[in-house]
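Note that this is a predicted model, so its numbers are computed, not measured. When a residue number appears, it is its place in the shown sequence, counting from 1.
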Amino acid sequence: MTKEITSAAMEGRGRYNRNSQVQAAGQSPAVPMLQRAAQAVSLPDAQSPIVIADYGSSQGHNALVPMCAAIDALRERAGRNQAISVVHVDLPTNDFTALFETLRTDPQTYLKPDSAVFASAIGRSFYEQILPADSVTLGWSSWAVQWLNQVPCIVPDQVQVAFSADLAAKAAFHRQAAEDWQQFLLARGKELRNGGRLVVLTMAVDEQGEFGYRALLQSMYASLRKMVESGFITEQELLRMTIPTVGRSREEFLAPFVASGHFAGMRVEEAEIFSGEDQIWSDFLQDRDAKSFGARWSAFSRASVFPTLTSALKPDGNLGRAAEFIAQLETMTAARLAENPEPLLIPLARIRMVRER
C-alpha cells in the first residue's frame with residue numbers, strides 16, 4: 001500500500017535558510033571535493049557558458065559557499081570573461097522567491113563580485129532529466145538525494161523507517177532508494193558534458209548501519225503519539241506520517257558501478273562516509289543551555305521535515321489546524337530534547353563522479 005503523501009518542499013518564507021545550520025556544517029567537508037572537481041572538469045569553448053547545476057537548492061543560502069568556491073576555481077582556469085550559468089533546481093513548491101531574494105541580498109552571494117555569472121532556477125524533480133543533454137559542466141547536490149521520489153509503503157511504528165521494527169517496510173524503502181539513486185544518476189549522466197563532474201553530499205548510514213538523529217526522531221515520534229492521545233490528530237493521520245528519507249551505505253552508493261566500473265557514462269572518483277559536525281551540541285557544551293539545544297534541533301526539523309508530516313493531515317478546510325500542528329510539534333519536540341541533551345550522530349556521504357564517454 002503506497003502512502004498518500006510524498007516529500008514536501010522545505011518550509012518557506014526564508015525559515016529553512018534561517019534554520020539549516022546543521023546542513024551548512026555538514027556540507028563543509030564536501031566543498032573541497034567540489035573545488036577539486038571544478039579544477040578537473042573539461043571546459044566548453046570560450047564562447048559557450050560554463051553551466052553549474054545545483055540539484056536541490058531549497059532557498060539558496062547553503063548554496064552560496066559551494067557555488068562561490070566552484071566559481072573561483074573555474075575562474076582561475078577560464079578567466080574573468082567567460083559566462084557562467086548557475087541553475088538552481090528544486091521541487092515546483094519550493095520557495096523560489098526566498099531563493100532569488102537570497103541571491104540578491106545575501107552578503108555571501110556569488111552574483112555581486114562577478115558580472116559574468118548568471119542565476120536561474122527550475123522547478124522540477126531531479127529524478128528526471130531537466131537540462132539539455134551534454135550541457136552541464138559541473139553538478140552539485142547537497143542534502144537532497146536522501147529524499148525519495150515516492151513513499152513506497154506505510155511505516156506503522158515510526159516516522160523514520162530507520163527506527164522501525166517492520167522489516168518489510170525497511171526493505172521497501174531501501175528498494176525505492178536504490179531505484180531513485182539509479183534514476184538520479186541516469187538523468188545526470190545525460191546532462192553532463194564529457195569530462196564534466198558531479199559532486200553529491202547526502203545523508204548516509206555509518207559502518208555499523210546507523211542512520212543517526214536517534215534522540216531527535218524518538219522525541220518527535222513520542223510527541224506525535226501524545227498528539228494522538230490528546231485528540232489533536234487521529235491515529236490514521238499519524239499512520240500516514242512518514243519522513244521519506246533513506247540513508248544509504250557506501251556499498252549502496254557504489255552498487256550501480258560495480259558491474260563495469262561505470263554507470264550512466266559516469267565513474268566514481270572519490271566516495272567517503274564521514275560524520276558531520278553537530279554544531280548544536282558543540283554550542284551546548286559552551287553555554288549549557290538545554291532549552292536552546294532542544295529549540296534549535298526542533299527548529300531544524302520544523303524547517304526541513306514538518307511540512308511533509310503536515311501534508312498527512314486530513315484536508316478539512318481548517319488552515320489554522322496545520323499551523324497549530326507545526327507549532328505544537330515544534331514545542332513538544334524541543335521540550336523532550338531539552339530534558340536530556342545528547343550529541344546526535346550525523347552520518348554523511350560525499351561522492352565525486354566524472355562523465356566519461
Q) Is there a donor-acceptor pair closer than 3.5 Å between any side-chain N or O of Trp281 and the backbone N or O of Leu344? A) no

Q) What closest approach, in Å, do Tyr110 and Leu64 show between heavy atoms, and which atom pair accounts for it? A) CD2-CD2, 4.2 Å

Q | side-chain contact (heavy atoms from CB on, under 4.5 Å) between Gln236 and Lys314, worked out | A | CA-CA 9 Å; Gln236 283 302 309; Lys314 181 180 179 181; over 6 Å; no

Q: Please check if Leu201 and Phe126 belong to a single hydrophobic cluster, counting links between Ile, Leu, Val, Met, Phe, Trp and Tyr side chain heavy atoms closer than 4.5 Å.
A: no

Q | pair Asp206-Ser275: side-chain heavy atoms closer than 4.5 Å | A | no

Q. Donor-acceptor pair, Arg124 side chain versus Gln129 backbone, under 3.5 Å?
A. yes

Q. With distance as the sole criterion, is a donor-acceptor pair present between the side chains of Glu330 and Ser298 under 3.5 Å?
A. no

Q. Is there side-chain contact between Lys226 and Arg336, with at least one heavy-atom pair below 4.5 Å?
A. yes

Q. Given side chains that start at C-beta, do those of Leu192 and Met266 come closer than 4.5 Å, heavy atoms only?
A. yes

Q | Side-chain donor/acceptor of Gln158 to backbone N/O of Gln160, under 3.5 Å | A | yes

Q) Are the side chain of Arg350 and the backbone N or O of Leu34 linked by a donor-acceptor pair below 3.5 Å? A) no

Q: Quick one: sort the Phe96 and Phe100 rings into parallel, tilted or perpendicular, breaks at 30° and 60°.
A: tilted

(Q) To the closest 0.5 Å, what do you measure between CG (Leu148) and CD (Gln176)? (A) 5.5 Å

Q. Can a salt bridge be assigned to the pair Arg36 and Glu270 using a cut-off of 4.0 Å between side-chain N and carboxylate O?
A. yes

Q: List the steps and the verdict of side-chain contact (heavy atoms from CB on, under 4.5 Å) for Leu345 and Phe211.
A: CA-CA 8 Å; Leu345 181 67; Phe211 176 78; over 6 Å; no

Q: Measure up the Trp297 and Tyr213 rings against each other and bin them: parallel (under 30°), tilted (30 to 60°), perpendicular (over 60°).
A: perpendicular

Q. Heavy atoms, side chains only, cut-off 4.5 Å: are Arg75 and Gln82 in contact?
A. yes

Q. Are the charged groups of Glu339 and Lys291 less than 4.0 angstrom apart, N to O?
A. no

Q) Mind checking whether Phe325 and Phe232 have parallel, tilted or perpendicular rings, split at 30° and 60°? A) parallel

Q | Under 3.5 Å donor-acceptor, Arg352 side chain and Arg197 backbone | A | no

Q. Taking C-beta and beyond as the side chain, do Arg248 and Asp180 meet within less than 4.5 Å on heavy atoms?
A. yes

Q. Quick check: does any side chain N or O of Arg267 sit under 3.5 Å from a backbone N or O of His262, one acting as donor and the other as acceptor?
A. no

Q.
Side chains of Ile71 and Ile50, heavy atoms from C-beta outward: is any pair under 4.5 Å?
A. no

Q: Report whether Phe253 and Tyr127 are members of the same hydrophobic cluster (ILVMFWY, side-chain heavy atoms less than 4.5 Å apart, transitive linking).
A: yes

(Q) To the nearest 0.5 Å, what is the distance between CG on Leu198 and CD on Glu269? (A) 10.5 Å

Q.
Rounded to the nearest 0.5 Å, what separates atom CD1 in Ile84 from atom CG in Leu74?
A. 5.0 Å

Q) With a cut-off of 6.0 Å (strictly less than), are more than 12 heavy atoms of other residues, nucleotides or ligands near NZ of Lys170? A) yes

Q.
Among Val200, Val145, Val136, exactly one meets side chain to side chain contact (heavy atoms under 4.5 Å, CB included) together with Tyr55. Which residue is that?
A. Val136

Q: Return yes if some donor-acceptor pair links the side-chain N/O of Glu191 with the main-chain N/O of Ile130 below 3.5 Å, else return no.
A: yes

Q: Group every Ile, Leu, Val, Met, Phe, Trp and Tyr by side-chain heavy-atom contacts under 4.5 Å, then state whether Val117 and Met67 land in the same group.
A: yes

(Q) Going by side chain to side chain contact (heavy atoms under 4.5 Å, CB included), Met241 matches just one of Val159, Ile154, Val155, Thr310. Which one? (A) Val159

Q. Measuring from Leu238:CG to Tyr221:OH, what's the distance to the nearest 0.5 Å?
A. 5.0 Å

Q: Indicate the atoms forming the closest heavy-atom contact of Gln35 with Ala73, along with that distance.
A: O-CB, 4.1 Å

Q) With hydrophobic residues grouped by side-chain heavy-atom distances under 4.5 Å, do Met203 and Met220 end up in a single group? A) yes

Q. Does some side-chain heavy atom of Ser58 sit less than 4.5 Å from a side-chain heavy atom of Trp143?
A. no

Q) How far apart are the C-alpha atoms of Phe263 and Val258, what are their side-chain angles, what is the distance that settles it, and do they pass the side-chain contact (heavy atoms from CB on, under 4.5 Å) test? A) CA-CA 9 Å; Phe263 183 79; Val258 168; over 6 Å; no

Q | Heavy-atom neighbours of Asn81 CG exceed 12 at 6.0 Å | A | no

Q | Over all atoms of both residues, closest heavy-atom pair of Ala204 and Ile273 | A | CB-CD1, 3.8 Å

Q. Is it true that Arg321 and Glu324 make a salt bridge, defined as a side-chain N closer than 4.0 Å to a carboxylate O?
A. no

Q) Quick one: does Glu277's side chain have a donor or acceptor within less than 3.5 Å of a partner on Gln279's backbone? A) no

Q | Val246 and His174: CA distance, side-chain angles, deciding distance, side-chain contact (heavy atoms from CB on, under 4.5 Å) verdict | A | CA-CA 7 Å; Val246 169; His174 278 274; 3.8 Å; yes

Q.
Which heavy atom of Ser42 sits nearest to which heavy atom of Thr137, and what is that distance?
A. O-CG2, 3.8 Å

Q) About how many Å separate CG of Asn94 and CD1 of Ile122, when rounded to the nearest 0.5 Å? A) 13.0 Å

**Q.** Closest non-hydrogen atom pair between Gly56 and Asp90, with its separation
**A.** C-OD2, 3.5 Å

Q) At their closest point, which heavy atom of Cys153 faces which heavy atom of Ala172, and how far apart are they? A) SG-CB, 3.7 Å

Q) Do any N or O atoms from the side chain of Ser282 and from the backbone of Asp278 form a donor-acceptor pair under 3.5 angstrom? A) yes

**Q.** Backbone of Thr308 reached by a side-chain donor or acceptor of Ser311 within 3.5 Å
**A.** yes

Q.
Quick one, Glu210 and Val205 - any side-chain contact, counting heavy atoms below 4.5 Å?
A. no

Q: Decide whether Leu103 and Trp140 are clustered together by the hydrophobic rule: side chain heavy atoms of Ile, Leu, Val, Met, Phe, Trp, Tyr closer than 4.5 Å, transitively.
A: yes

**Q.** Distance in Å, Phe163 CZ paired with Asp157 CG, rounded so as to fall on 0.5 Å steps
**A.** 12.0 Å

